[in-house]
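Beneath this line is the structure, given in structure tokens, with notes to follow.
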Amino acid sequence: MGLGVAECFAVAGIRVLLTDATPELTKEAKSRLVQRARGHADAGLLAADTVGRVEAVETADEVAGAVGDVGLVFEAVPEDIGLKEEILNSCSAAAPQDAAIVSNTSSLPINDLSGFVGRPGRFCGMHWFNPPEWTPGVEIIPAAATAPEVVERLVEFLRSIGKRPAVVGDGPGFVANRIQNALFLEAVRCVEEGLASPQEVDEVVRSCFGFRLPFFGPFQISDMAGLDVYENVLDVLREGLGERFAAPESLRKLVEEGRTGTKSGAGFLQYTDEERER
């Protein structure tokens with residue numbers, strides 16, 4: 001993950017300094033980074049002239065040498081709370097006071113991690129997704145202490161390099177992993193109950209509702225289908241599969257109010273006539 005993000009930053013023309021646990025591992029990481037970028041260029045995924053930007057990535061033998069004069073510190077060590085504490089302590093001690101410090105984590109509580117940073121107002125979670133070079137979405141997860149202007153700076157920065165950041169709360173799994181794992185658990189249940197093989201489940205996800213997901217999220221999809229239709233479907237699922245499929249009260253309330261989706265002009269979202277037509 002760290003190498004993918006480093007490549008993304010470098011290709012965007014940002015000065016990047018890279019460091020790992022030891023000088024030897026740092027040298028190896030730089031070599032793998034360059035090899036990775038060259039492979040992407042050979043595959044036609046990167047313009048050939050951008051490889052030089054990756055080759056220009058600098059290295060430092062220790063944390064202090066990497067973060068001493070930067071505007072953004074990006075930490076991507078493994079999901080070990082003790083290791084995170086050690087590295088974030090080192091980063092906050094050596095980085096400029098106005099540098100934003102972010103942790104790439106997919107599971108650890110951001111409020112806990114913020115306690116490891118001096119001046120925690122500059123700290124924030126930043127959850128990237130594999131492959132980080134190409135996946136547009138990034139979750140921004142402020143801690144309770146994170147200054148609003150730091151969040152704004154991070155959002156603006158990510159947009160400037162072509163990413164699509166979303167600011168989300170510090171709950172278990174944030175948003176993406178919570179939804180992704182709910183999907184995974186139901187996929188496993190479909191296999192365990194004999195409905196389909198793993199291969200067939202993957203095909204259903206890819207070629208049915210998955211086909212829409214690059215363009216519309218779950219709220220837009222439900223609005224287009226009709227919230228009254230969703231309510232009926234959920235009632236059938238609840239009867240057959242239990243309370244985990246009970247229709248949310250927020251959904252039932254919208255249906256009662258006549259907000260059934262795009263066909264009525266409003267559902268979970270509000271639509272102009274132009275938006276409905278499009």
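Between the side chain of Asp61 and the backbone N or O of Pro23, no donor-acceptor pair lies under 3.5 Å. Judged by distance alone, with hydrogens and angles left aside, the side-chain atoms of Arg38 form no donor-acceptor pair with the main-chain N or O of Leu33 at under 3.5 Å. A donor-acceptor contact shorter than 3.5 Å links the side chain of Glu139 to the backbone of Val175. Of the possible donor and acceptor atoms, one in the side chain of Thr19 sits under 3.5 Å from a partner among the backbone N and O of Ala60. Side chain of Ser114 to main chain of Pro120: no donor-acceptor pair is present (N/O by atom type, distance under 3.5 Å, no hydrogens or angles). The main-chain N or O of Ser107 is found under 3.5 Å from a side-chain atom of Glu79 such that the two form a donor-acceptor pair. One N or O on the side chain of Arg53 and one on the backbone of Val11 form a donor-acceptor pair closer than 3.5 Å. Judged by distance alone, the side chain of Arg259 and the main-chain N or O of Leu254 form no donor-acceptor pair under 3.5 Å. Between the side chain of Ser92 and the main chain of Val117, no donor-acceptor pair closer than 3.5 Å is present.
For the atom pair CG (Leu113) and OG (Ser103), the distance works out to 5.0 Å, reported to the nearest 0.5 Å. One finds the NZ atom of Lys30 at 8.0 Å from the CG atom of Leu18 (value rounded to the nearest 0.5 Å). In this structure, Thr146 OG1 and Asn111 CG are separated by 7.5 Å, a value rounded to the nearest 0.5 Å.
The ring-ring contact (aromatic ring centres under 6.0 Å, His included) check on Phe268 picks up Phe219, with sequence neighbours excluded. Remark: Glu249 engages Arg252 in a side chain to side chain contact (heavy atoms under 4.5 Å, CB included) (not counting sequence neighbours).
When every heavy atom of Val67 is checked against every heavy atom of Ala94, the shortest pair comes out as CG2-CB, 3.6 Å.
Residue pairs that meet the salt bridge (charged side-chain N to carboxylate O under 4.0 Å, His left out) test with at least one member in residues 7-17, sequence neighbours left out, are Glu7-Arg36, Arg15-Glu58, Arg15-Asp69.
Electrostatic pairing of Arg244 and Glu186 counts as a salt bridge here, judged by a charged N lying under 4.0 Å from a carboxylate O. Between Asp228 and Lys263 a salt bridge is recorded (basic side-chain N to carboxylate O distance below 4.0 Å).
For the side-chain contact (heavy atoms from CB on, under 4.5 Å) criterion with Val77, the lone passing option out of Leu83, Leu88, Asp20 is Leu83. Considering Gln270, Arg276, Glu275 as possible partners of Thr272, the one that fulfils the side-chain contact (heavy atoms from CB on, under 4.5 Å) test is Glu275.
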*For Asp202 and Gln199, run side chain to side chain donor-acceptor pair (under 3.5 Å): C-alpha distance rounded to whole Å, both residues' side-chain angles, the deciding distance at 0.1 Å, then the answer.*
CA-CA 5 Å; Asp202 278 353; Gln199 293 85 352; over 6 Å; no
_If you apply the rule ring-ring contact (aromatic ring centres under 6.0 Å, His included), what do you find for Phe209 with Phe216, and how did you get there?_
CA-CA 10 Å; Phe209 64 87; Phe216 304 104; over 10 Å; no
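Side-chain contact between Val57 and Phe9 is absent, with no heavy-atom pair separated by less than 4.5 Å. Here the side chains of Val102 and Glu75 are not in contact, with every heavy-atom distance at 4.5 Å or above. A heavy-atom distance below 4.5 Å is not found between the side chains of Pro132 and Val138.
Under 3.5 Å, the side chains of Gln220 and Asp223 contain no donor-acceptor pair of N or O atoms. When only modelled atom types and interatomic distance are considered, Lys27 and Thr59 share no side-chain donor-acceptor pair under 3.5 Å.
Heavy-atom contacts from other residues, nucleotides or ligands closer than 6.0 Å to CD of Glu277 number 12 or fewer.
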